[in-house]
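First up is the structure itself, then whatever we jot down about it.
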Amino acid sequence: MSLLVDIQKRLPSYTLNVAFSAEREPLGILGGSGSGKSMTLRCIAGIETPTSGTIVLNNRILYDSRKGINLPSRDRRVGFLFQNYALFPHLTVAQNIAYGLNKRQGSKQEKRELVQTVEAQLGRVQLAGFGNRYPHQLSGGQQQRVALARALAPNPDILLLDEPFSALDTHLRSELEKQLIKTLADYNGITLFVSHNLEEAYRVCQRLLVLSSGTVIANGYKQDVFHHPKTMPVAQLTGCKNYTRIQPINQQTVRAPDWNCTLHTDEPVSSKHTHIGIRAHHIRFSHPPHPPNTFPAWLAWTSETPHRMTLFLKLGNAPRYAEDYHLQAEVFKEEWERLKDRPQPWHLTLDPLRLLLLE
């Protein structure tokens, strides 16, 4: 199984210019709104036509501008799950799934085979017995699973998922994400999963492709992309909230003027590095004896979620107002309970191994 994409498409605000490959491991496509994620899927599916380039799936040319090849969607062996599911409201669940199969139903044997295939797909997404219902009789999560079953029914060579959980509440997202991971484990084709949610893509996919304004800015195994983002845009799109300009002092020491401190780094500093960052959950609070890169810090304000606290902190001296802070740290509630009554300043550590040198 292999997909090779190298396409360009002129759009009103920029030119989509993406080149990448994918194999059996699910590939997550990340990026902000308007970065070209959905357009890339639509070009692969044949819904949109690139301006130029090539798309090759399992050595079969789907699109080649030079050779004048542009297979219609129905011949591409592509399964597509849209954000809004796109179920036919006048068809039953079984008929929606059967529609994607595009099979002849002349003989009794052919009809029996179609019914068996539909039933197998419903069982695959835990909706056995729902075949006679209509979409309006289903919950949002059930509709999503019907759409997934329809996309998988023809056994496509590639499955394209365009933010499939975006319309669901938090509980359903979690349940259906687990269902999708189990379903993909039994799927032998290629999967592309578009999302703007880093954690969602990280859980579902092994590899990540990051887009910005129609251009690939990172591509690799998720651990590498997350732990070694290399550039500011990739760090920002993968959720890094803390970064500052740097003034190099030597190969492993920089001045961070926006944080009012000097930092020692594990990675050597090069002339290409312009910024340094650290993820909010990598900031630690220490007791004496203090490790390297430990600074006095004062709390400016806090933000709370059910399980975590975000602490907005200022280094060097006390804040004058709530927005007077340098860094955001994320801690679990248990740590917050231990920390909150300690006299300030607290001692905050920016581990040299966790610092991200960025271009």
Worksheet item: Within a radius of less than 6.0 Å around NZ of Lys333, do more than 12 heavy atoms belonging to other residues, nucleotides or ligands occur?
Response: yes
Worksheet, complete the sentence: Rounded to the nearest 0.5 Å, the CZ atom of Arg145 sits from the CG atom of Leu152 at a distance of 13.5 Å
Discussion item. A quick test of your reading: do over 12 heavy atoms of other residues, nucleotides or ligands sit less than 6.0 Å from CG of Asn250?
Written reply: yes
Item to complete: Please name the residue in the list Ile276, Val254, Leu358 that meets the side chain to side chain contact (heavy atoms under 4.5 Å, CB included) test with Thr244.
Response: Ile276
Discussion item. Can you confirm whether the side chains of His287 and Arg342 place a donor and an acceptor under 3.5 Å from each other?
Written reply: yes
Discussion item. With a 4.5 Å cut-off on side-chain heavy atoms, are Ile217 and Leu237 touching?
Written reply: yes
Worksheet item: Relative to each other, are the rings of His90 and Phe88 parallel, tilted or perpendicular (30° and 60° limits)?
Response: perpendicular
Worksheet item: Do you see a donor-acceptor pair shorter than 3.5 Å between the side chains of His196 and Glu163?
Response: yes
Fill in: Any donor-acceptor N/O pair, Asp266 side chain to Pro352 backbone, under 3.5 Å
no
Item to complete: Kindly say whether Leu263 contributes a backbone atom to a donor-acceptor pair with the side chain of Asn293 at under 3.5 angstrom?
Response: no
Response to the item:
So the salt bridge (charged side-chain N to carboxylate O under 4.0 Å, His left out) pairs with at least one residue in residues 39-61 (sequence neighbours excluded) are Lys9-Glu48, Arg42-Glu48, Arg60-Asp157
Response to the item:
One should read off an interatomic distance between Ile278 CD1 and Leu348 CG, to the nearest 0.5 angstrom, of 8.0 Å
Worksheet item: Which value, rounded to the nearest 0.5 Å, describes the distance between Leu211 atom CG and Thr215 atom OG1?
Response: 8.0 Å
Worksheet entry | Cluster link Leu71 to Leu160, ILVMFWY, side chain under 4.5 Å | yes
Discussion item. Could you see if Leu176 belongs to whatever hydrophobic cluster contains Val93? Use Ile, Leu, Val, Met, Phe, Trp, Tyr and a side-chain cutoff under 4.5 Å.
Written reply: yes
Discussion item. Using the rule given for side chain to side chain contact (heavy atoms under 4.5 Å, CB included), can you reason through Arg279 versus Lys241, listing the C-alpha separation, both sets of side-chain angles and the distance that settles it, and then say yes or no?
Written reply: CA-CA 6 Å; Arg279 299 191 185 276; Lys241 299 182 178 76; over 6 Å; no
Worksheet item: Does Tyr134 share a hydrophobic cluster with Tyr99, counting links as ILVMFWY side-chain heavy atoms below 4.5 Å and allowing steps through other members?
Response: no
Item to complete: Would you mind listing every salt bridge (charged side-chain N to carboxylate O under 4.0 Å, His left out) that reaches into residues 307-316, with sequence neighbours excluded?
Response: Arg308-Glu330, Lys314-Asp324
Worksheet item: About how many Å separate CD1 of Ile44 and CG of Leu62, when rounded to the nearest 0.5 Å?
Response: 9.0 Å
Worksheet entry | Leu114 reachable from Phe130 in the ILVMFWY side-chain graph, under 4.5 Å edges | yes
Worksheet item: Are Arg207 and Phe20 in a cation-pi setup, meaning NZ or CZ lies under 6.0 angstrom from the ring centre and within 45 degrees of the ring axis?
Response: no
Worksheet item: Within the distance-only criterion (no hydrogens, no angle test), does the side chain of Asn70 pair as donor or acceptor with the backbone N or O of Tyr63 below 3.5 angstrom?
Response: no
Worksheet item: Would Leu3 end up clustered with Leu30 when hydrophobic side chains under 4.5 Å apart are linked, directly or stepwise?
Response: no
Discussion item. Closer than 3.5 angstrom, by distance alone: can the side chain of Glu119 be matched with the main-chain N or O of Gln116 as a donor-acceptor pair?
Written reply: no
Fill in: With Arg338 via side-chain contact (heavy atoms from CB on, under 4.5 Å) - residues at least two apart
Glu334, Glu335
Practice prompt. Evaluate whether atom CG of Asn132 has more than 12 neighbouring non-hydrogen atoms of other residues, nucleotides or ligands under 6.0 angstrom away.
Written response: no
Worksheet item: For Arg203 and Glu200, what are the C-alpha separation, side-chain angles and deciding distance, and is it a salt bridge (charged side-chain N to carboxylate O under 4.0 Å, His left out)?
Response: CA-CA 5 Å; Arg203 287 189 294 263; Glu200 187 175 86; 5.6 Å; no
Practice prompt. Kindly indicate whether the side chain of Val269, heavy atoms from C-beta on, has any atom under 4.5 Å from the side chain of Leu357.
Written response: yes
Item to complete: Would you please say whether a donor-acceptor pair under 3.5 Å links the side chains of Ser2 and Arg24?
Response: no
Worksheet item: Given the rule in the side chain to side chain contact (heavy atoms under 4.5 Å, CB included) test, do Leu192 and Leu161 qualify, once you have shown the distances and angles that lead to the verdict?
Response: CA-CA 6 Å; Leu192 302 188; Leu161 305 168; over 6 Å; no
Response to the item:
The reported gap from OG1 in Thr191 to CG in Leu81 (rounded to nearest 0.5 angstrom) is 11.0 Å
Worksheet item: In terms of ring plane angle, is the pair Tyr325 and Trp301 parallel, tilted or perpendicular, where the classes change at 30° and 60°?
Response: perpendicular
Fill in: Main-chain N/O of Arg10 paired with Thr51 side-chain donor or acceptor, under 3.5 Å
yes
Practice prompt. Output yes when a side-chain donor or acceptor of Asp258 lies under 3.5 Å from a complementary backbone atom of Arg245, and no otherwise.
Written response: yes
Practice prompt. Flag the pair Pro164 / Gln144 as yes when at least one side-chain heavy-atom distance between them is below 4.5 Å, and no otherwise.
Written response: yes
Practice prompt. Report yes or no: does Tyr221 contribute a side-chain atom to a donor-acceptor pair with the main-chain N or O of Leu208 at less than 3.5 Å?
Written response: no
Discussion item. Does any part of the side chain of Leu122, heavy atoms only, come nearer than 4.5 Å to the side chain of Ile97, both counted from C-beta?
Written reply: yes
Worksheet item: Looking at side-chain heavy atoms only, is the closest gap between Thr92 and Gln95 below 4.5 Å?
Response: yes
Worksheet entry | Residues Arg284 and Thr349: side-chain donor-acceptor under 3.5 angstrom | no
Discussion item. Within a 6.0 Å radius of atom CD on Gln137, are there more than 12 heavy atoms belonging to other residues, nucleotides or ligands?
Written reply: yes
Worksheet item: Judged by modelled atom types alone, do Thr183 and Gln179 share a side-chain donor-acceptor pair under 3.5 Å?
Response: yes
Item to complete: May I ask you to decide if the ring planes of Trp346 and Phe285 are parallel, tilted or perpendicular, using 30° and 60° as cut-offs?
Response: perpendicular
Discussion item. I'd like to know if the side chain of Tyr14 reaches the main chain of Gly34, judged simply by a donor and an acceptor atom lying under 3.5 Å from each other, with no hydrogens or angles considered.
Written reply: yes
Fill in: Donor-acceptor pair between Asp162 and Ser38 side chains, under 3.5 angstrom
yes
Practice prompt. For the pair Val18 and Ile7, evaluate side chain to side chain contact (heavy atoms under 4.5 Å, CB included) and give the outcome as yes or no after the intermediate values.
Written response: CA-CA 6 Å; Val18 293; Ile7 55 171; 3.6 Å; yes
Discussion item. Regarding Gln109 and Arg112, do their side chains bring together a donor and an acceptor under 3.5 Å, going by distance alone?
Written reply: yes
Discussion item. Would you compute the distance between atom CD of Glu267 and atom NE2 of His228 and round it to the nearest 0.5 angstrom?
Written reply: 8.0 Å
Item to complete: State, without any angle test, whether Thr265 and Gln252 hold a side-chain donor-acceptor pair at a distance under 3.5 Å.
Response: no
Discussion item. Any heavy-atom pair between the side chains of Ile283 and Leu327 that's under 4.5 Å?
Written reply: yes
Worksheet item: Can you tell me if Gln143 uses its side chain to pair, donor with acceptor, with the backbone of Pro135 under 3.5 Å?
Response: yes
Worksheet item: Do Ser73 side-chain atoms and Ala45 backbone N/O form a donor-acceptor pair below 3.5 Å?
Response: yes
